[in-house]
Amino acid sequence: MYDHRHPGSQTTTPASKKTVVVLGSGWGSTSFLKTIDTDKYNVVVVSPRNYFLFTPLLPSCTVGTVDIRSIIEPIRFITRHKNNAIKVYEAECTDIDPEKKVITIAGKSLGYTTEIKGEISENTIPYDYLVVGVGATNQTFGIEGVEKYGCFLKEVWDAQKIRRKLMDCIETAAFPGQTEKEIERLLHMVVVGGGATGIEYAAELHDFLVEDLKAWYPELVGKVKITLVEALPNVLPAFSKELIKYTESTFKEQNISIHTKTMVKDVKEKELVVQGPDGTTSTMPFGLLVWATGNTARPLVRKLIAKMPDTQKERKGLAVDDWLRLKGSDSIYAIGDAAVTKYAPTAQVASQEGKYLATVFDKLAKAEQLEAEIVSIPEDQKMKLMRKLQKLREIKPFHYSHQGSLCYVGSDKAIADLPLGLGNFTSGGVATYAFWRSAYISNLFSHRNRWLVISDWTRKTLLGRDISRE
Ligand code: FAD
Ligand code: NAD
């Protein structure tokens, strides 16, 4: 903790070293930054978010189980602790020119509005290597009403918006003279998407209702309804059958209705248009709508794909080879949700890719140095170094090692699908929740985060969650 607060002095990487520009401060980029050797590269980070966000605990922030400040950590915490200084720019990359090897950055933040404006708000940065770790954005299938009337759950401001809207619905329902029909609508909380994000949000909302709102709004709480809408025949398609069953029965006990084989076709201000299993269309009034139907490529990624039509043919993200290098480029790499690989878009994959790529860069730098040495030594000594160089160039492709999947399902219960030998170990319940907690605590970014999350959980148990509307 002392080291955390007192980073030592840093030196400057010689200008002769190559420049790596890293886009993003999420799981992939952060893991890359932790591992990259700054003696070998000049490193520049560009991200509209000046912090890392521990997404697995974001659903807990929507109801105040955990405070947002407990799960974020400034990216400068990593960069300031490296040997050599890394430049960090809070900015959005708006364009990549793969021919000139230059990116354009704009000094504005995705999702944030700022009144502070400097004299310069756009600039360019040249790179030798570019690491694209910009993640993905929310999939809306072109339904305009989603953005207008719904809430996503991907970023800090999404969790804040959900919390504000939830309390708004409840206070509005308590307004004198509200009709029963309107109260019913306002207190209908609908989650679209039965992936892990939708399930964890519904579970947290349920806990908030029974553990806190019940005490403060006794006249309303029995009227609050949670509905989860999923297009496929079951929720959590990535988990095993037993765990899907367990989740569905736990949700039933918690009075959370699951509508499977139900596809949202349109989103209006106060209602959804849904197509049920029998193909008929009906409406579903809602007070709060949380939209969690997965990912699609960010505008920056789409723009880059459009510039490389011969080699970039995926729509979901950047096509990369087994070494995470962009197809059609020898200087751009992509990691995490921005890249299309055979793996799921998860934090586990992104962080392993970031770490792997930093080791690839290490080998590239060593190989380049060796090449320079070989040129300047006598012929008879070259053979040994040539062999070493060949070994350095034989870089193994990226291999993902799955550590298992965890998901919170409410009422202090979680599910775990863990690889064990050739098969899988599955478990669900209160003991699994203890495991879920310990796994997340140990994976949190810093000691500060660990300390804060543990104190948030203790505060929630002793004092309950705060119901004030921000
Ligand atoms: P991100 O972590 O999304 O980071 C992207 C970064 O790029 C951000 O810093 C962003 O600000 C920046 N950026 C965006 N646009 C630009 C731009 N134009 N220029 C520069 N920078 C830009 N996965 C798991 O494995 N386990 C879990 O328990 C889990 N829980 C999750 C819970 C929730 C609620 C969500 C939403 C996701 C969860 N995931 C989980 C998935 C996981 O969070 C993602 O797979 C992971 O964040 C992907 O990492 P990334 O680095 O690719 O992108
Ligand atoms: P997802 O892609 O995993 O799930 C989205 C769900 O929405 C799918 O089941 C899909 O069938 C459904 N859907 C799509 N369109 C629909 C429509 N029009 N109407 C109704 N349902 C519709 O997305 P996610 O849950 O946001 O997760 C994104 C990634 O993050 C995944 O890889 C996931 O594994 C990961 N994640 C992991 C955890 C965890 O491990 N605990 C938590 C959150 C997210």
Side-chain angles (χ1 to χ4, degrees), residues 21-32 45-62 75 89-96 103 105-106 109-111 132-141 143 146 152-155 158-159 191-201 228-239 259-267 272 274-275 291-295 298-301 303 317 334-339 343-351 353-354 402-408 414-415 417 436 439-440 443:
V21 176
V22 182
L23 303 182
S25 52
W27 281 95
S29 303
T30 307
S31 157
F32 177 85
V45 187
V46 174
S47 179
R49 238 172 49 184
N50 80 346
Y51 55 84
F52 167 79
L53 166 67
F54 187 80
T55 45
L57 285 177
L58 192 61
S60 303
C61 298
T62 58
I75 199 69
Y89 301 125
E90 191 190 75
E92 182 188 348
C93 172
T94 52
D95 190 47
I96 299 168
I103 63 162
I105 63 166
S109 304
L110 284 179
V132 184
V134 298
T137 188
N138 299 288
Q139 174 66 277
T140 62
F141 306 100
I143 304 174
V146 177
F152 298 116
L153 183 50
K154 204 173 225 335
E155 301 284 355
D158 295 328
V191 183
V192 180
T197 305
I199 291 288
E200 290 195 323
Y201 172 66
L228 189 128
V229 180
E230 166 57 53
L232 296 177
N234 55 267
V235 295
L236 294 177
F239 281 78
H259 293 232
T260 51
K261 297 188 194 160
T262 306
M263 176 89 90
V264 175
K265 292 287 182 186
D266 199 7
V267 177
L272 298 177
V274 296
Q275 190 180 49
W291 189 268
T293 62
N295 294 342
R298 284 199 189 274
L300 176 74
V301 167
K303 210 169 162 184
I335 50 176
D337 290 2
Y343 309 112
T346 65
Q348 275 192 68
V349 172
S351 57
E353 286 178 345
H402 186 56
Q403 304 297 304
S405 306
L406 296 169
C407 184
Y408 182 59
I415 54 170
D417 209 335
W436 179 94
Y440 283 179
N443 276 314

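Just so we're clear, the structure is a prediction, and the values are computed from it rather than from any experiment. We count ligands from 1, going down the list as the structure has it; atoms in each ligand are counted the same way.
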Does the protein place a non-hydrogen atom closer than 4.0 angstrom to atom 14 (C) of ligand 2? yes
For atom 29 (C) of ligand 1, which of Pro56, Ala344, Ser47 has the closest heavy atom? Pro56
Yes or no on side-chain contact (heavy atoms from CB on, under 4.5 Å) for Thr260 and Leu232, after CA distance, side-chain angles and deciding distance? CA-CA 6 Å; Thr260 51; Leu232 296 177; over 6 Å; no
Please work out which of Gly195, Gly198, Gly294 has its closest non-hydrogen atom nearest to atom 23 (O) of ligand 2. Gly294
Polar-atom distance check: Asp337 versus ligand 1, any N or O pair below 3.5 Å? yes
Geometry only, no angles: is Val264 polar-contacting ligand 2 at N/O separations under 3.5 Å? yes
Please say whether Ala231 places an N or O atom under 3.5 Å from an N or O atom belonging to ligand 2. yes
Is any N or O atom of Glu200, backbone or side chain, closer than 3.5 Å to an N or O atom of ligand 1? no
Tell me whether Pro237 has any N or O atom under 3.5 angstrom from an N or O of ligand 2. no
Treating Ser25 as the side-chain partner and Tyr51 as the backbone partner, does any N or O pair qualify as donor plus acceptor under 3.5 Å? yes
Looking at side-chain heavy atoms only, is the closest gap between Val349 and Trp27 below 4.5 Å? no
N or O pair under 3.5 Å between Glu230 and ligand 2: yes
Out of Ala350, Ala347, Ala439, whose heavy atom sits nearest atom 24 (C) of ligand 1? Ala347
Evaluating non-hydrogen atoms only, which member of Ile96, Val134, Asp95 is closest to atom 16 (C) of ligand 1? Val134
Below 4.0 Å, non-hydrogen atoms only: which portion of Tyr408 touches ligand 1? Side chain, backbone, both or neither. neither
Quick one: does Tyr201 get a heavy atom under 4.0 Å from ligand 1? no
Thr262 to ligand 2, any heavy atom closer than 4.0 Å: yes
N/O of Ala196 under 3.5 Å from N/O of ligand 2, yes or no? yes
N or O pair under 3.5 Å between Ala344 and ligand 2: no
Take Thr140 and Trp291, measure what side chain to side chain donor-acceptor pair (under 3.5 Å) needs, and give me the verdict at the end. CA-CA 8 Å; Thr140 62; Trp291 189 268; over 6 Å; no
